[in-house]
Structures are given as structure tokens and as C-alpha cells.
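As the structure lists them, so they are numbered: ligands from 1, and atoms in each ligand from 1.
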Amino acid sequence: MIVNEAWSIDEGEARVSALFEKTFGAVPQAVHSAPGRVNVIGEHTDYNGGYALPMALPHRTYAAVTKRDDRVVRLVSAQEAGVREVNLDDVDRYDSDNPVEGWPAYVVGVAWALEQQGKPKMPGMDVAIDSCVPFGAGLSSSAALECAVAAAWDSFMAQEDDWTPLLASDEGRSELVQACIAAENHIAGAPTGGMDQAASLRCKEGHVILLDSKDFSLRHIPFDLASAGLEMLVVDTRAPHKLADGQYAKRRATCEASAKKLGVEYLADLDYNVDMSELTEVERMRTRHVITEIARTLDFAELLESGELTGERLEKLGNLMTESHESLRVDYEVTCPELDAVVTTALEHGAIGARMTGGGFGGSAIALVPVEKVDDVMTAVEARFAQEGFNEPHFLHAVPSAPAN
Ligand code: GLA
């Protein structure tokens, strides 16, 4: 059984500092880090102006950094051999035919986006990256990378006179969120919605956030699973997963087309009982998912805020998660056999609710499970995957954790 344990902050910092020193021959000036996330409910709602309810994972991406006097960014990652180099003055020259290749786009894109916001030119840096957020698992490893380096640029700039540290306030963090989204959308070329970056930069230990994607306002809601005897088990299905392969963009385009036909800016602006007769069948399915998912997310948040995680309330919370999965499976069509198998198996073995999390098409599922049943669920999921001939799943224990710093 493979459990992907989060590194302690000390371990993460030590690993990435060692990589930095080995590569660049000096001790780094600073280490920053940012978490991946799981979304508890509210999927494919962010780019529709709706609500989502993510929390940060204890799994983080670490960036050991030293500021440079020029505009060069030299990058090394524990997950790849060799040093990459990009000049920040060149980032603008890249376009979709000639992109900054691979993961460095998520790094230099953030500096580019901060400058696009009207901020001064960012300095170059030497940066070493290491991470215990699994890649391609739908747990926002890319947002964790963007947010960790956003923290680095902010603290470099904080040494200048005319810079108010952005990490020090929620308003500042919100600006960093927007820069990270722009980096991902425009430089890395993934048309994602912003929930991941908001979670990574603005979450709070022991809490989920209820994020209103229309204006990025949010509310922190306590989510104390441990004292309720519960666990949020994450199953990384390790099924092939690619957001950039066009399916995600296609869902987003269908939603935008449907909103336009119905005369609203976002699907989130529609009434629950809107007349959808002018939509095609597929548009109706996608729209139905978005409208019902937003309602489920608000119900979930309201239930969480109304009392303890026990009895009928807990049962309702679980049902909302499972209904969300059904809607993503049937109406939004973004699940896959591995994700569906996790949900069915977890529910059969005592989970209170279960659903896919993140973009879908592979990636991870989550299950809300009483602590004493977690082992049963893990064993059953592993056996089911073996029986179906799927890749061996990896498990993560999700505890609502701290934001980027
Ligand atoms: C990915 C994107 C998010 C969000 C989810 C689906 O994680 O990065 O912006 O759209 O998919 O909820």
C-alpha cells in the first residue's frame, strides 16, 4: 500500500536547500513554499462565476531562491536533470507556437504577470524546486509551484522601498492569486479558473474556504475533521490526466456558449429553474451540472456552519459529495472508470460521501471516512484497482493546512 506522506516543513526546506547548494554552489537566500489543494465540493464552477470549497493540503512545493542582479531565471528541479534558463525580458516573445517549454512557464509566468499588473520589473533569480505534491494528480501541483515562486518575488521586492509586502495581507495575497492565474492562463497556456491559486495562497489551517469566483471574495469555515473522528482520504488514481489536452477547455467553451445563449455573463447568474430549451442537449447537461453544483456547494457550506459534523448533518454532507460526483459523471462527463471505482468502493466500505476532486479525466478522488474505517476503504480500493487492471493507486491523508509563505 503506497501512502504519499507530506514532508514536514523542515524536511522540505532541507531537501530543496541541498538541491540549490549542489546546483548553484551556495546557500539559498530563502525558501518559500505553497500547498496543493483538494476541493471538497464545487467542481467546474470557478470559471462559471460560481462557488467552490477547497482546502490546502499538507503537501507543499518548496522553492529555494536567491535574487540575481540581472533578469535571468535559472531553474533546477529535483524531478528533472539539468538547469534551465529563461530571461524575463524574453517571456513576452513567447507565444502559443513558441512557448516557454514545460514547468518553467509556471515560474517565469508569475513575474511576467506581476509586471502586467503594473508592478516594477522583477529581478531574476536562481531557483531550486522540490515537491511532495504529486504531479498530474489533480491536486494543483502547478498552482503550488506558481504560488511558491510568487512568494519569492514578493519577498525580493519587499526589500525595495516602494513595495508593500503582498503576502502580509489578504488583499496582497489576492493580487498574487491573480498574477498566478494569469501566468497559468497566458504563459503556461492552461485555461483554468483560479480556485487552485486562491486555495494555495489564501487558505487557513483547519479550515476550508468558500470561494465566490465572481469577485474572489471568500469565507474561512472551520473544518475540524479530527475531532469529529473523520478523515478526508485522497486517492490518487494515477490514471492518465491532462488538463491541457483540450477536454477542460472544451467544457469551459461549452459553458461560455451556453451563458451567452441564455443572455448572462456567467452560468452562475442563472436561476435554478431557468428555461434551457434553446440549448443543445450537451449544453443543457453542462449547464445543469453547474447550476446544481453551485447549489450543493452553498448547501454544504451552510450545513458546515450550522453545527457539529455528526448525525443527520454529516449524512447530508456526505450525500452532497456523492451527488456532486454523480453530476460530474453523468452531466459533465469528466470522470473516468478509476474515479468512479474509488467512489463506489469507498461508499461500499463505510465512506460517508465520496467524489472526484479537481478537473477530472483521471487525477484524484476524495472520500469522507470515519477514522476507524479508513484502512478498510484503502484495502478495498486497492483490491478493486488490482482486479480491474488499473494502475496501483496512491493514498494521501488530507488535513486542512497552511497557505503559501
Ligand atoms: C482544475 C482547475 C480549476 C477548476 C477545477 C475544476 O483544477 O485548475 O480552476 O476549474 O479544475 O473545478
Side-chain angles (χ1 to χ4, degrees), residues 34-57 59 61 105-106 109 133-147 177-203 208-214 216 218 234 236-237 241-256 259 266-268 286 289-294 296-297 300 320-321 324-325 327-329 331-336 339 355-366 398:
R37 61 100 192 90
V38 288
N39 188 21
V40 178
I41 196 164
E43 218 66 81
H44 288 279
T45 51
D46 59 356
Y47 53 84
N48 285 304
Y51 290 91
L53 199 87
M55 67 186 214
L57 287 170
H59 301 71
T61 293
Y106 294 96
V133 183
F135 297 109
L139 301 175
S140 292
S141 58
S142 41
L145 174 58
E146 292 151 10
C147 297
V177 167
Q178 293 308 322
C180 292
I181 297 171
E184 180 149 339
N185 290 172
H186 302 300
I187 303 300
T192 52
M195 161 180 63
D196 310 340
Q197 295 81 0
S200 188
L201 275 156
R202 297 175 67 198
C203 61
V208 287
I209 55 179
L210 177 64
L211 175 70
D212 180 349
S213 302
K214 205 170 284 170
F216 279 81
L218 59 79
V234 182
D236 170 7
T237 63
H241 159 94
K242 267 207 166 87
L243 278 189
D245 74 352
Q247 283 298 328
Y248 182 94
K250 210 165 153 197
R251 291 296 178 286
R252 186 170 181 159
T254 303
C255 288
E256 285 166 0
Y266 293 115
L267 290 183
R286 308 298 188 242
H289 165 73
V290 173
I291 294 177
T292 58
E293 183 74 355
I294 292 170
R296 279 186 290 272
T297 307
F300 195 101
L320 287 168
M321 288 175 67
S324 163
H325 184 83
S327 176
L328 288 154
R329 185 177 73 81
D331 277 345
Y332 220 66
E333 298 182 293
V334 292
T335 73
C336 63
L339 289 168
R355 58 184 292 280
M356 58 156 270
T357 189
F361 312 107
S364 295
I366 52 174

Proximal atoms of ligand 1 relative to [X] (non-hydrogen, under 4.0 Å):
X: G194; answer: 9 (O)
X: M195; answer: 4 (C), 5 (C), 12 (O)
X: D46; answer: 3 (C), 4 (C), 9 (O), 10 (O)
X: T192; answer: 2 (C), 8 (O), 9 (O)
X: G358; answer: 6 (C), 11 (O)
X: Y47; answer: 10 (O)
X: G359; answer: 1 (C), 7 (O), 11 (O)
X: G193; answer: 9 (O)

Checklist entry - Using a distance-only test with no angle check, is there a side-chain donor-acceptor pair under 3.5 angstrom linking T254 and R286? => result no
Checklist entry - When you check the side-chain N and O atoms of E293 and T45, is any donor under 3.5 Å from an acceptor? => result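 No, no side-chain donor-acceptor pair sits under 3.5 Å.
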Is there a donor-acceptor pair under 3.5 Å between the side chain of [X] and the backbone N or O of [Y]?
X: S200; Y: P35; result: yes
X: N48; Y: G50; result: no
X: R202; Y: Q197; result: no

Next on the checklist: Residue-level breakdown please: for R37 versus ligand 1, do any non-hydrogen atoms fall below 4.0 Å on the side chain, on the backbone, on both, or on neither?
Outcome noted: side chain
For ligand 1, find out whether one of its N or O atoms is nearer than 3.5 Å to an N or O atom of [X].
X: E43; answer: yes
X: E184; answer: no
X: G42; answer: no
X: S140; answer: no
X: H44; answer: yes
X: D196; answer: yes

Item to check | Worked check of side-chain hydrogen bond (donor to acceptor under 3.5 Å, both in side chains) between S324 and R355 | outcome: CA-CA 7 Å; S324 163; R355 58 184 292 280; 2.9 Å; yes
Next on the checklist: Y248 and ring pair (Phe, Tyr, Trp, His ring centres under 6.0 Å): which single residue from Y332, F361, Y47 fits?
Outcome noted: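 Going through Y332, F361, Y47 one by one, the ring pair (Phe, Tyr, Trp, His ring centres under 6.0 Å) with Y248 is satisfied by Y47 alone.
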Checklist entry - Is it true that atom CZ of F300 has more than 12 heavy atoms of other residues, nucleotides or ligands lying nearer than 6.0 Å? => result yes
Checklist entry - OG1 of T61 to CD of E146: how many Å apart, nearest 0.5 Å? => result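 If we round to the nearest 0.5 Å, T61:OG1 and E146:CD are 10.0 Å apart.
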Checklist entry - What class does the angle between the rings of H44 and H289 fall in, given that below 30° is parallel, 30 to 60° is tilted and above 60° is perpendicular? => result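 Aromatic pair H44/H289 classed perpendicular.
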